[in-house]
2 protein chains.
Amino acid sequence: MTASQSQLRADAQENRARVLAVARELFAERGLDVPMAAIARRAGVGVATLYRRFPTKESLVVEAFTEQFAHCRAVIEEALLDEDPWRGFCTVIQNVCLMQATDRGFTAAFVSTFPELHSEVRDRTWEGFAALVERAKESGQLRADFSPHDLTLVLLANSGLAGVPVEVAVSASQRLVAYLLEAFRAGTDALPPPVPLSLDLVLR
Amino acid sequence: MTASQSQLRADAQENRARVLAVARELFAERGLDVPMAAIARRAGVGVATLYRRFPTKESLVVEAFTEQFAHCRAVIEEALLDEDPWRGFCTVIQNVCLMQATDRGFTAAFVSTFPELHSEVRDRTWEGFAALVERAKESGQLRADFSPHDLTLVLLANSGLAGVPVEVAVSASQRLVAYLLEAFRAGTDALPPPVPLSLDLVLR
DNA sequence: TGGTAAGTGGAGACCCCCGTCCACTTGGCT
DNA sequence: AGCCAAGTGGACGGGGGTCTCCACTTACCA
């Protein structure tokens with residue numbers, strides 16, 4: 001525990017943790033637009049407490065989702081270690097899409113918190129994925145005209161499922177991903193040129 | 001012009017038309033959550049005028065999008081007449097997705113206005129599409145395990161592109177659709193079972 | 001056990017939205 | 001020209017959101 005954590009009084013620390021847990025729950029269930037008051041109520045604290053620990057709603061969102069973002073990066077790193085490039089590629093897409101489908105706030109959080117905060121981290125992640133794509137192409141399993149920007153395309157498309165109930169969203173996402181992966185496989189017809197969908201576009 | 005139209009005074013009629021035009025513009029540009037006040041301002045009228053012609057925001061939305069919905073139905077009807085079932089199938093998906101990508105409010109309007117209002121029309125449209133799917137399967141061009149519910153899947157996925165600028169959304173949508181159509185083509189690997197995504201799911 | 005700084009909760013300031021009300025204006029018929 | 005129903009706009013009520021302020025409570029240490 002760093003100083004900033006342990007300097008809090010015991011009860012305060014516990015409250016902070018509970019708020020964070022509740023926030024993650026509610027963001028996942030209902031998306032990012034749950035009122036701060038709802039989080040406070042469910043956590044059994046007043047709004048003021050909440051705002052003391054997290055000066056703004058966005059800061060709460062960032063904190064609530066950092067571990068998920070870390071998991072994302074980890075998934076890519078791990079996939080780069082897979083001896084089968086295609087399997088690594090598929091794993092990344094499947095995992096990220098599953099996270100997106102499971103957690104309703106995920107995409108919105110990704111979009112609204114990444115912009116400035118973690119730009120270098122973001123770039124590293126992006127490069128990691130680009131490398132993964134390159135490997136998969138070289139192995140001849142990924143179609144040559146696949147663009148790394150197509151990851152953004154997949155993410156956006158998959159985020160469209162956020163509106164339906166979670167269990168449905170998960171199955172739907174799996175089917176969508178299965179369709180897309182099939183289309184990404186090498187040896188099919190030519191496509192219209194890749195769309196330069198940089199992540200910045202997703203970020204407003 | 002029916003009675004309800006011509007009974008309006010000339011200036012009122014003009015105002016009504018301008019409001020409708022502006023509403024369509026703004027809904028397309030910014031989605032359904034543009035404030036009524038913004039529409040009124042851009043149309044050069046007060047909010048009261050707007051509310052007199054359209055008693056509720058939803059009614060304005062419905063009116064603003066009816067022609068697009070009609071166009072949707074027309075697209076399906078026409079596709080059923082195409083001698084090439086696969087081409088008909090592709091046309092439907094391409095056209096609807098294009099409409100969705102072009103008009104930011106389209107999906108939300110579709111979702112929020114269809115529920116009760118046009119249930120029989122909706123069912124007819126749905127049956128039309130199901131017939132289209134059946135034909136395309138029989139001709140051997142559409143994979144046998146494609147489910148009509150997959151249309152909803154495509155619509156949801158495509159709606160995820162609504163966030164990016166329109167020109168980008170259009171190219172992105174085209175590429176997404178191209179990928180998906182390729183995956184829908186007969187003669188590929190088996191998929192996980194279809195997800196029963198009824199339209200009602202999209203409609204909240 | 002008592003003092004004190006840290007922590008707390010709820011009221012409310014501020015803002016943005018939908019939809020209404022009402023005093024004023026104006027088109028169109030006679 | 002003059003009348004009046006039809007039409008109009010802006011102020012306002014009501015609701016819901018984020019975030020602040022401040023009088024009160026409580027953990028912790030001596």
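Scope of the values below: all heavy atoms of this structure, side chains included, with no hydrogens, waters or symmetry mates. Chain identifiers are assigned alphabetically (A, B, ...) following the order of the sequence lines, protein sequences preceding nucleic acid strands; residue numbering begins at 1 within each chain.
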### Message
Suppose we call two aromatic rings close when their centres sit under 6.0 Å apart. Are A:Phe65 and A:Phe110 close by that rule?
### Response
no
### Query
What is the distance from atom CD1 of A:Ile93 to atom CG of A:Leu98, rounded to the nearest 0.5 Å?
13.5 Å
### A:Leu8, nearest nucleotide to its side chain (from C:dG7, D:dA11, C:dC18)
C:dG7
## Note on the structure
B:Asp11 CG to C:dT26 C1', in whole Å, measures 7 Å
#### Entry: A:Met36 CE to C:dT8 C1', straight-line distance once rounded to whole Å
16 Å
### Message
Whole angstroms only, please: what is the CZ-P distance between A:Arg18 and C:dG7?
### Response
15 Å
### Query
Base, sugar-phosphate, or nothing for A:Val45, non-hydrogen atoms under 4.0 angstrom?
sugar-phosphate
### Message
For the residue pair B:Ser159 / B:Gln100, report whether a side-chain donor-acceptor contact shorter than 3.5 Å exists.
### Response
no
### Query
Which pairs with one or both residues in residues 23-33 of chain A pass salt bridge (Lys or Arg N to Asp or Glu O under 4.0 Å), sequence neighbours excluded?
A:Arg24-A:Glu67, A:Glu25-A:Arg42, A:Glu29-A:Arg42
### Task
When you get a sec, tell me which of C:dT8, D:dA27, C:dG27 is the closest nucleotide to the side chain of A:Ala12?
C:dT8
### Message
Over all strands shown, is A:Asn15 touching base, sugar-phosphate only, or nothing at heavy-atom distances under 4.0 angstrom?
### Response
sugar-phosphate
### Contacts of B:Asp11 that satisfy side-chain hydrogen bond (donor to acceptor under 3.5 Å, both in side chains) - sequence neighbours left out
B:Arg9
### Residue A:Ala10, side-chain heavy atoms: nucleotide from D:dC19, D:dA27, C:dG28 that is nearest
D:dA27
### Whole-Å distance separating the CZ atom of B:Arg41 from the P atom of D:dG10
11 Å
### Query
Taking B:Glu63 as the fixed residue, which of B:Arg53, B:Lys57, B:Arg16 is the one that meets the salt bridge (charged side-chain N to carboxylate O under 4.0 Å, His left out) rule?
B:Arg16
## Note on the structure
Which of D:dT26, C:dT26, D:dG9 is nearest the side chain of B:Arg9? It is C:dT26
### Task
For B:Glu14 and D:dG7, give me the distance from atom CD to atom P, rounded to whole Å.
14 Å
#### Entry: Residues within residues 48-55 of chain A bordering DNA chain D, heavy-atom distance below 4.0 Å
A:Ala48, A:Tyr51
